[in-house]
Amino acid sequence: RYVFHTSLTMEGNSAMGKDNRMGYFPTFGFSWNAQNEPFLANTKEWMDEAKIRVSLGQSGKSPNGASLYLGAFSSLGEYMDLAAIHPVRMQLDNWKWETTTEYNLGVDLSFLKGRLKFTFDYYHKFIKDLLQTDVKIPSSTGYTKIKYYNSGKMENKGWEFRTDATLLQKKDW
C-alpha cells in the first residue's frame with residue numbers, strides 16, 4: 001500500500017574549486033496505493049488503481065572541463081631577453097554547483113481493467129546558482145570574460161493531465 005523511496009547522489013568534479021568539488025543531492029518519494037485499502041475493497045470490480053504520489057529531489061550541474069577554476073597564464077614571447085606572460089584565465093575558487101530542486105504531486109487512476117486511465121501531475125522546479133558561460137566583464141580587470149559564472153535563479157511550475165482510453169479491445173486485434 002505504501003511505497004517510500006529515498007536516495008543521495010554524491011558527485012565530484014575536478015572543474016570545481018577544492019571547497020566545492022563534491023555535490024550532494026538528495027531525493028525522496030512517497031506513494032500511496034489507495035486501491036489496496038480495506039475501505040475501497042468494494043471498488044475492485046471497476047477501479048484498478050488509485051495512487052497518490054509526492055516527490056522531492058535535487059540534481060546538480062557543474063562546468064565542463066578539468067581544473068577550470070585555476071588561473072592560467074600564457075606566453076607573450078620575450079621582452080628584453082626575458083620571458084613575458086599575461087593572465088588568460090582568472091582564478092575562480094567560489095564556483096557552486098548549479099542546483100535544481102523539483103517538487104511533484106501526482107495522482108494515477110485506472111478503471112475498467114485498465115481501459116480508462118487518468119494521470120495528473122503538479123510540478124514546481126527551482127534552479128539556483130545558474131552557470132552562465134563566457135560572461136563578459138570589464139577589461140579594466142585584466143580579462144575580457146569569465147568562462148563560467150554562478151548567477152541567477154529560474155523557476156518553472158505547472159501541471160500536466162493525461163487520459164488514456166482503450167475503446168476497442170479484441171483478442172485477435
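From a predicted model like this one, the values you see are computed outputs, not experimental measurements.
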Colleague: Should we count CD of Glu45 as having more than 12 external heavy atoms under 6.0 Å?
Modeller: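 No - once you tally the heavy atoms of other residues, nucleotides and ligands closer than 6.0 Å, there are 12 at most.
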Colleague: Consider only side-chain heavy atoms of I, L, V, M, F, W and Y, link residues closer than 4.5 Å, and tell whether Tyr103 and Phe126 are in one cluster.
Modeller: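 In one cluster with Tyr103: Phe126, no.
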Colleague: When the ring planes of Trp32 and Phe39 are compared, do they come out parallel, tilted or perpendicular, using 30° and 60° as the limits?
Modeller: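 Tilted, since the angle between the ring planes falls between 30° and 60°.
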Colleague: Counting heavy atoms not belonging to Arg1, are there more than 12 under 6.0 Å from its CZ?
Modeller: yes
Colleague: Between Thr166 (side chain only) and Leu168 (backbone N and O only), is there a donor and an acceptor less than 3.5 Å apart?
Modeller: no
Colleague: Shortest non-hydrogen contact from Gly23 to Phe25?
Modeller: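 Here Gly23 and Phe25 meet closest at C-CE1, 3.6 Å.
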Colleague: What residues, two or more places apart in sequence or in another chain, satisfy side chain to side chain donor-acceptor pair (under 3.5 Å) together with His5?
Modeller: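 If we apply the side chain to side chain donor-acceptor pair (under 3.5 Å) test to His5, skipping adjacent residues, there are no hits.
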Colleague: Spell out, yes or no, whether Phe28 and Leu8 are grouped together once hydrophobic residues are joined by side-chain heavy atoms under 4.5 Å, including indirect joins.
Modeller: no
Colleague: Ignoring hydrogens, what is the shortest heavy-atom contact between Ala15 and Pro63? Give both atom names and the distance.
Modeller: CB-O, 3.6 Å
Colleague: Holding to salt bridge (charged side-chain N to carboxylate O under 4.0 Å, His left out), I want the full list of residues that pass it with Lys117, two or more places apart in sequence or in another chain.
Modeller: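 Here no residue qualifies.
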Colleague: Working to the nearest 0.5 angstrom, can you tell me the gap between Lys147 NZ and Thr133 OG1?
Modeller: 6.5 Å
Colleague: Are any of the side-chain nitrogens in Arg162 or Asp164 under 4.0 Å away from the carboxylate oxygens of its partner?
Modeller: yes
Colleague: Mind checking the CG-OG1 spacing from Leu56 to Thr101? Nearest 0.5 Å is all I need.
Modeller: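 One finds 7.0 Å between CG of Leu56 and OG1 of Thr101.
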Colleague: Out of curiosity, does Tyr122 fall in the hydrophobic cluster containing Leu109 (side-chain heavy atoms, cut-off under 4.5 Å, transitive links)?
Modeller: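 Hydrophobic grouping puts Leu109 with Tyr122.
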Colleague: Tell me the closest heavy-atom pair linking Ser62 and Trp97, and the distance in Å.
Modeller: CB-CZ3, 3.5 Å
Colleague: Considering non-hydrogen atoms only, spot the tightest contact between Leu40 and Met47 and give its length.
Modeller: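 Closest pair (atom of Leu40, atom of Met47, distance): CD1-CE, 4.0 Å.
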Colleague: For Lys125, is there an ion pair with Glu155 - N to carboxylate O distance below 4.0 angstrom?
Modeller: no
Colleague: Does Tyr149 OH have over 12 foreign heavy atoms under 6.0 Å away?
Modeller: no
Colleague: Residues in side chain to side chain donor-acceptor pair (under 3.5 Å) with Arg115, at least two apart?
Modeller: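 Result, side chain to side chain donor-acceptor pair (under 3.5 Å) vs Arg115: none returned.
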Colleague: Does any N or O in the side chain of Asn33 come within less than 3.5 Å of the main-chain N or O of Gln35, such that one atom is a donor and the other an acceptor?
Modeller: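 No.
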Colleague: If I take atom NZ from residue Lys61 and atom CG from residue Leu131, how far apart are they, to the nearest 0.5 angstrom?
Modeller: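 Those atoms lie 6.5 Å apart.
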Colleague: Taking only residues two or more places apart in sequence, or in another chain, which ones meet Lys145 in a salt bridge (charged side-chain N to carboxylate O under 4.0 Å, His left out)?
Modeller: Asp134
Colleague: At what distance, to the nearest 0.5 angstrom, does CG of Asp121 lie from OG of Ser55?
Modeller: 8.5 Å
Colleague: Quick one: sort the Phe120 and Phe161 rings into parallel, tilted or perpendicular, breaks at 30° and 60°.
Modeller: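 Ring orientation of Phe120 relative to Phe161: tilted.
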Colleague: How close do Met16 and Asn20 get, counting heavy atoms only, and between which atoms?
Modeller: CB-O, 3.5 Å
Colleague: What class does the angle between the rings of Phe4 and Phe30 fall in, given that below 30° is parallel, 30 to 60° is tilted and above 60° is perpendicular?
Modeller: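 Phe4 vs Phe30 ring planes: tilted.
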Colleague: Can you tell me if CG on Asn156 sees more than 12 non-hydrogen neighbours from other groups inside 6.0 Å?
Modeller: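 Atom CG in Asn156 is crowded, with more than 12 foreign heavy atoms closer than 6.0 Å.
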Colleague: Which salt bridge (Lys or Arg N to Asp or Glu O under 4.0 Å) pairs, counting each pair once, include a residue from residues 98-112, with sequence neighbours left out?
Modeller: Arg53-Asp108
Colleague: Calculate, to the nearest 0.5 Å, the distance between atoms OG and CD1 belonging to Ser31 and Ile52 respectively.
Modeller: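 Going from the OG atom of Ser31 to the CD1 atom of Ile52 covers 10.0 Å.
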Colleague: Are Val107 and Val54 joined in one hydrophobic group, where the rule is that I, L, V, M, F, W and Y side chains link up if heavy atoms are under 4.5 Å apart?
Modeller: yes
Colleague: Donor-acceptor pair, distance only, cut-off 3.5 Å: does the side chain of Asn150 make one with the backbone of Trp95?
Modeller: no
Colleague: How about CE on Met154, more than 12 heavy atoms from neighbouring residues, nucleotides or ligands closer than 6.0 Å, or not?
Modeller: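 For Met154, atom CE is not crowded (no more than 12 foreign heavy atoms under 6.0 Å).
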Colleague: According to ring pair (Phe, Tyr, Trp, His ring centres under 6.0 Å), who are the partners of Phe73, at least two apart in sequence or on a separate chain?
Modeller: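 Phe73 satisfies ring pair (Phe, Tyr, Trp, His ring centres under 6.0 Å) with no other residue.
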Colleague: Mind running side chain to side chain donor-acceptor pair (under 3.5 Å) on Thr27 and Ser7 for me, showing each step along the way?
Modeller: CA-CA 5 Å; Thr27 60; Ser7 67; 2.5 Å; yes
Colleague: Using a 4.5 Å cut-off on heavy atoms from C-beta on, say whether the side chain of Thr99 contacts that of Gln58.
Modeller: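 Of all side-chain heavy-atom pairs linking Thr99 with Gln58, at least one is under 4.5 Å.
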Colleague: Just wondering, are more than 12 heavy atoms of other shown residues or ligands nearer than 6.0 Å to NZ in Lys44?
Modeller: yes
Colleague: Measure the spacing between NZ of Lys96 and CG of Leu130 and express it to the nearest 0.5 Å.
Modeller: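 It is 12.5 Å, given to the nearest 0.5 Å.
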